[in-house]
Amino acid sequence: MGIESLLIFLIVGVIAGWIAGKLVHGSGFGLVGNMVVGVVGAVIAGWLFPFLGVSLGTGFLAAVVHSTIGAVILLVLLRLVKG
């Protein structure tokens, strides 16, 4: 993975984590927290979407949407576990 790819990956993670935090929790988790939530969300969506036969396309915007949906799933699951 090149430095540009890593930078884009982290930017997508921050954006997706921030959006998911606003949608589910009502506030962000800081730069590092948003990045972690977004990246883990991307992994969740990357596993779940092909399993369900869902494709959102390619490109930056699709990556942000993909990661955001995964991050929302992650935050909802965490909220259910925490009670």
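Side-chain atoms are counted along with the backbone in the values below, which use heavy atoms only and exclude waters and symmetry mates. Remember, predicted model here, so these are calculated numbers, not experimental data.
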Legend entry - Leu10/Val14 under side chain to side chain contact (heavy atoms under 4.5 Å, CB included): CA gap, chis, key distance, verdict: CA-CA 6 Å; Leu10 294 176; Val14 169; 5.5 Å; no
Return the [atom1] to [atom2] distance between [X] and [Y], rounded to the nearest 0.5 Å.
| X | Y | atom1 | atom2 | result |
| --- | --- | --- | --- | --- |
| His66 | Leu48 | NE2 | CG | 8.5 Å |
| Lys22 | Leu75 | NZ | CG | 13.0 Å |
| Arg79 | Leu74 | CZ | CG | 12.0 Å |

Inset, instruction - Compare every heavy atom of Ala71 with every heavy atom of Ala20, then report the nearest pair and how far apart it is. - result: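 Nearest heavy atoms, Ala20 then Ala71: CB-CB, 3.5 Å.
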Legend entry - Contact summary for Pro50 and Ala45, nearest pair of heavy atoms: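 Shortest heavy-atom separation between Pro50 and Ala45 comes out as CD-O, 3.8 Å.
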Checking [X] now: which residues fulfil side chain to side chain contact (heavy atoms under 4.5 Å, CB included) with it, not counting sequence neighbours?
| X | result |
| --- | --- |
| Leu7 | Ile11 |
| Val64 | Val12, Ile15, Ile19, Phe60, Thr68 |
| Val54 | Phe49, Leu52, Leu56 |

Under 4.5 Å between side-chain heavy atoms, counting indirect links through other Ile/Leu/Val/Met/Phe/Trp/Tyr residues: same cluster for [X] and [Y] or not?
| X | Y | value |
| --- | --- | --- |
| Ile8 | Val36 | yes |
| Ile69 | Leu80 | yes |
| Val32 | Val43 | no |

